[in-house]
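Encoded as structure tokens, the structure appears first; notes follow it.
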Amino acid sequence: MVRLRWLAQRLGVEKMILKKRTLITYFVSNPDAPFYRSETFRKVIGNIQAHPGKFKLREDQERLSLRSDRVETVSQAYRILELLN
């Protein structure tokens, strides 16, 4: 679990929920944050585009989230986030 949190932080994730076989990650809430202009964010977006059936990117109330379905364990969640790294 700790490794998952560390990886999520490196990817700019502020909040993460694993519930009902769905992993939802919420990126930095401030849309003007330097994170959104960083190489890390560009890499994350590129990796999302490289796996189109795996992720659903969405913006709600000025907050960017990423959803991945059929995630049943913390180990699976870690492997999913590794695809973004």
Side-chain angles (χ1 to χ4, degrees):
M1 188 67 172
V2 173
R3 287 177 42 202
L4 177 62
R5 286 186 191 152
W6 288 341
L7 177 57
Q9 285 176 345
R10 282 196 312 266
L11 296 172
V13 173
E14 283 186 340
K15 183 178 178 180
M16 186 172 27
I17 299 169
L18 179 56
K19 186 176 178 182
K20 296 182 182 178
R21 297 179 55 194
T22 300
L23 175 65
I24 303 172
T25 56
Y26 295 93
F27 290 99
V28 176
S29 56
N30 179 1
D32 297 324
F35 167 72
Y36 290 110
R37 294 182 297 280
S38 72
E39 182 61 33
T40 299
F41 183 66
R42 282 189 284 279
K43 189 174 178 183
V44 166
I45 294 297
N47 288 331
I48 290 169
Q49 292 170 341
H51 300 91
K54 190 69 105 175
F55 302 106
K56 295 176 186 120
L57 190 62
R58 174 176 177 180
E59 186 175 5
D60 285 334
Q61 301 168 355
E62 296 185 24
R63 192 163 194 191
L64 191 62
S65 67
L66 184 65
R67 177 183 171 143
S68 187
D69 295 324
R70 296 185 303 254
V71 180
E72 297 184 20
T73 65
V74 172
S75 297
Q76 260 186 314
Y78 186 84
R79 287 192 300 272
I80 294 286
L81 289 186
E82 278 187 317
L83 293 174
L84 301 176
N85 195 14

Assess the residue pair Phe55 and Ile80 against the criterion (side chain to side chain contact (heavy atoms under 4.5 Å, CB included)); give the C-alpha distance rounded to whole Å, side-chain angles, the decisive distance to 0.1 Å, and a yes or no. CA-CA 9 Å; Phe55 302 106; Ile80 294 286; 3.4 Å; yes
Met16 and Ile24: side chain to side chain contact (heavy atoms under 4.5 Å, CB included), yes or no, with the steps?
CA-CA 6 Å; Met16 186 172 27; Ile24 303 172; over 6 Å; no
Pair Val71, Arg21 - check side chain to side chain contact (heavy atoms under 4.5 Å, CB included), show working. CA-CA 5 Å; Val71 180; Arg21 297 179 55 194; over 6 Å; no
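The environment of CZ in Arg37 is crowded: more than 12 heavy-atom neighbours from other residues, nucleotides or ligands sit within 6.0 Å. Residue Arg58 places its CZ atom among 12 or fewer non-hydrogen atoms of other residues, nucleotides or ligands, all under 6.0 Å distant.
Phe35 and Phe27 have parallel rings, their planes meeting at less than 30° on a 0 to 90° scale where 60° marks the start of perpendicular.
The pair Asp69-Lys54 fails the salt-bridge criterion, with no side-chain N (NZ, NE, NH1 or NH2) lying under 4.0 Å from an Asp/Glu carboxylate O.
Under the 4.5 Å side-chain heavy-atom criterion for grouping Ile, Leu, Val, Met, Phe, Trp and Tyr, Leu83 is connected to Val13 within one hydrophobic cluster. Linking Ile, Leu, Val, Met, Phe, Trp and Tyr whenever their side-chain heavy atoms come within less than 4.5 Å puts Phe41 and Val28 in one cluster.
Not a single side-chain hydrogen bond (donor to acceptor under 3.5 Å, both in side chains) links Glu82 to another residue, sequence neighbours left out. Ser38 meets the side-chain hydrogen bond (donor to acceptor under 3.5 Å, both in side chains) test with no other residue; sequence neighbours excluded.
For the atom pair NZ (Lys15) and CZ (Arg63), the distance works out to 6.0 Å, reported to the nearest 0.5 Å. Put simply, CE on Met1 and CZ on Arg5 are 4.5 Å apart, with the number rounded to the nearest 0.5 Å. A distance of 9.5 Å separates CZ of Arg67 from OH of Tyr26, quoted to the nearest 0.5 Å. Note that the OG1 atom of Thr73 and the CZ atom of Arg79 stand 5.5 Å from one another [nearest 0.5 Å]. Remark: Ser65 OG to Glu59 CD distance equals 9.0 Å, nearest 0.5 Å.
Looking only at distances, a side-chain donor or acceptor of Glu14 sits under 3.5 Å from a matching main-chain atom of Ser29.
In this structure, the side chains of Leu57 and Ile45 come closer than 4.5 Å at one or more pairs of heavy atoms.
Of the candidates Leu11, Leu66, Val44, Leu81 forms a side-chain contact (heavy atoms from CB on, under 4.5 Å) with just one, namely Leu11. Applying side-chain contact (heavy atoms from CB on, under 4.5 Å) to Leu23 and the options Leu4, Val74, Leu18, Ile17 leaves one that passes, Leu18.
Taking the ring centre of Tyr78 as origin, the terminal cationic atom of Arg3 falls inside the region bounded by 6.0 Å and 45° from the ring axis.
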